[in-house]
Enquirer: 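Dumping the structure here so I can ask a few things about it.
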Amino acid sequence: KIREKLCKFQVGDEIRILDTYQMIAKDEMLYTSTVNTIKQEKINPEWALDKALVKANTAFMDNASDFFQERRADVQHVGNLILKNLLGGEEEEHPRHFKKNTLLVVHDLSPADTAQIIKGTVAGFVTEVGGKTSHTAIFAKALEIPAVVGAVGITQSVEEDDILLLDGTEGTVIINPSRADKLHYQDLRKKYEQMDNLLLKEAHLPAVTKDDFTLRLAANMELPEEIPTIKKYGAEGIGLYRTEVLYLRQKRLPTEEEQFQNYKKVLRQMAPHPVTIRTLDIGGDKILEDSEHSEYVESLNPALGFRAIRFCLREKGLFKAQLRAMLRASRYGKLKILIPMISNLDEIRQVKKIITDVKSELDEKKIPYDHNVKLGVMIEVPSAAIMSDAIAGEVDFLSIGTNDLIQYSIAIDRVNEHVAYLYEPLHPAILRLLNQITEAGRQKNIEVSVCGEMAGEPLYLLILLGLGLTELSMNPLSIPRVKKILRQVTFKQGAELVEKALACKTSSDVEHLVRKEMSKIALPED
Ligand code: PEP
Ligand code: MG
């Protein structure tokens, strides 16, 4: 049934996975074993299936090979689906049908739920929970779904079939708007679209300042279906591919082969531009409730818990499978590997050792790959930012994740709407950290980029430029806006602003300076 429904939505590659699931469901390991247990032990089917799953799990566990570890996850997933059906549960794996132009108003929507929304099925959503750098908000942007998050109490104020006006740019929701409101927003929408079209005409001009400083403007990507948009908006590569979204969408870890095919497609389509693929960053707010690995990620403070590289260094089989998939795909374009949530040098050294092992295995099997693939790490944990001079000596590039760096430095949970007001990219402490990281990159002569949401905000461009970053990676739709400003300013202007900003003691002092300087520039919204 799931397969038939998905076919209607033309989701492509996902269908093949369901074919594999069907085969697993009929395999003797699950099917025959369950039926035999019912016959022999006279127990109910749910229990018998559960026994078959435990047996299969143990058998796979005994074999450490990555291939068997991947099959283990598939078998468990299929088994759990059948179990849910036997227990009379609802199947969940199909897109919900909504009336045209439906807006969802919900208490919360997890990043996993958001990643599964298929474009066109809802017109937008409003949540009570969340901040603008939460992954729910980031994924909504990537899927081009208008959204407002952190609208405290909204589910109490909205009734089914109310008319809502939603402005994702300003974060406004109007319930049962007046005629004047409707006309005003229709007009705003028209102006926004006109501005978008104008900006698009200049999207492919070089990203260079008036004094000839080049800043690479790259795209953040969550799913390969974004590539046409990424190209249309003039990205010079992918600065961050969040590979965990594939996992969240499929509700299971993709196999090595699926990852290889996926990366190969992306690298090919983006060549000759670089594609920075980040290894799995699951944990934090990015978990599946029924995740096979949920014992690792369920904790009171998930953001400080078993996330990203911490998870990968424990689940080495999974990590190696992903690295192998990346390296195998590397010959189809220009791959850069990025490691998230690094908090010390030891983790980097462990990663490098694992990559060397994976490369040796490929060499042994005579599997070709690009021997010059660059390795970089995310600087998003304060300890890594403070140690960035040492870290810069170990890797080929640094990528600053401002979403997490701000979360961890200012101690504000990204998904907590009550502290969202403290999210201040211009906080002097953040500026000092950014300055320290870019300086470390300069000393070791390696590239430093920013790939957090801060990179796509036009207001911060002059500061980021002045800090001497080499790349900004952002939601593709922001690229033309940022480029328009970049082409009107000078590096010198940015550097002078940074010098003054670094002497400030409060965020509002910095913001005042920045706004004053930016007011001299014709912003795309003007
Ligand atoms: C960041 O932390 O800024 C980042 C880019 O990574 P993510 O948003 O996926 O945590
Ligand atoms: Mg991060």
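Remember, it's 1-based here, ligands and their atoms both numbered in the order they're listed. By convention here, the first residue in the shown sequence is residue 1. As the structure is a prediction and not an experimental result, all values here were calculated from the model.
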Enquirer: Within a distance under 4.0 Å of any heavy atom of Arg414, pick out the atoms of ligand 1 and give their elements.
Expert: 2 (O), 7 (P), 8 (O), 10 (O)
Enquirer: Would you call Glu222 a ligand 1 contact, heavy-atom distance under 4.0 Å?
Expert: no
Enquirer: Looking at Tyr332, is Lys264 sitting on its ring face, NZ or CZ under 6.0 Å from the six-membered ring centre and within 45 degrees of the normal?
Expert: yes
Enquirer: Quick check with a 6.0 Å cut-off and a 45 degree axis cone: is Arg328 positioned over the face of Phe260's six-membered ring?
Expert: yes
Enquirer: Please determine if Arg216 and Glu447 form a salt bridge, counting it only when a charged side-chain N lies under 4.0 Å from a carboxylate O.
Expert: yes
Enquirer: Regarding Thr155 and Glu128, do their side chains bring together a donor and an acceptor under 3.5 Å, going by distance alone?
Expert: yes
Enquirer: Counting from 1, what ligand 1 atoms have a heavy atom of Asp404 closer than 4.0 Å?
Expert: 1 (C), 2 (O), 3 (O), 10 (O)
Enquirer: Answer side chain, backbone, both or neither: which part of Met378 comes under 4.0 Å from ligand 1, heavy atoms only.
Expert: side chain
Enquirer: Which of the atoms in ligand 1, numbered in the order shown and given with their element, are less than 4.0 Å from a heavy-atom of Arg307?
Expert: 10 (O)
Enquirer: Nearest to atom 7 (P) of ligand 1, what protein heavy atom do you find, and at what distance?
Expert: His135 NE2, 3.2 Å
Enquirer: Enumerate the atoms of ligand 1 whose separation from the nearest heavy atom of Cys451 is less than 4.0 angstrom.
Expert: 5 (C)
Enquirer: Classify the side-chain pair Ser399/Ser449 by whether it contains a donor and acceptor separated by less than 3.5 Å.
Expert: yes
Enquirer: Would you say Thr133 and Gln407 are linked by a side-chain donor-acceptor pair, where the criterion is simply a distance under 3.5 Å?
Expert: no
Enquirer: What part of Met341, side chain, backbone, both or neither, has a heavy atom within less than 4.0 angstrom of ligand 1?
Expert: neither
Enquirer: Please determine, by modelled atom types, if Asn220 and Ser473 share a side-chain donor-acceptor pair under 3.5 angstrom.
Expert: yes
Enquirer: Compute both the distance and the angle, then confirm whether Arg278 meets the cation-pi test with Tyr263: under 6.0 Å from the six-membered ring centre, within 45 degrees of the axis.
Expert: no
Enquirer: Name the residue from Glu258, Glu225, Glu244 that meets the salt bridge (charged side-chain N to carboxylate O under 4.0 Å, His left out) definition with Arg249.
Expert: Glu225
Enquirer: Are Tyr241 and Asn262 linked by a side-chain donor-acceptor pair shorter than 3.5 Å?
Expert: yes
Enquirer: For Glu380 and ligand 1, does the shortest N/O to N/O distance drop below 3.5 Å?
Expert: yes
Enquirer: At a non-hydrogen distance cut-off of under 4.0 Å, which region of Arg278 contacts ligand 1 (side chain, backbone, both, or neither)?
Expert: side chain
Enquirer: I need the contact type for Arg242 against ligand 1. Using non-hydrogen atoms and a strict under-4.0 Å cut-off, is it side chain, backbone, both or neither?
Expert: side chain
Enquirer: Any cation-pi pair here, Lys132 with Tyr423, using under 6.0 Å and within 45°?
Expert: no
Enquirer: Among the heavy atoms of Met454, does any lie under 4.0 Å from an atom of ligand 1?
Expert: no
Enquirer: Just jot down the ligand 1 atoms closer than 4.0 angstrom to any heavy atom of Lys286, in number order.
Expert: 9 (O)
Enquirer: Taking the Mg ion (ligand 2) as the centre, how many protein N/O/S atoms fall inside a distance shorter than 2.8 Å?
Expert: 2
Enquirer: Around atom CZ of Arg442, are there more than 12 heavy atoms of other residues, nucleotides or ligands at under 6.0 Å?
Expert: yes
Enquirer: Is the side chain of Glu517 donor-acceptor paired with the backbone N or O of Val514 at a distance under 3.5 Å, no angle test?
Expert: no
Enquirer: Record the part of Leu240 in heavy-atom contact with ligand 1 below 4.0 Å; permitted values are side chain, backbone, both and neither.
Expert: side chain
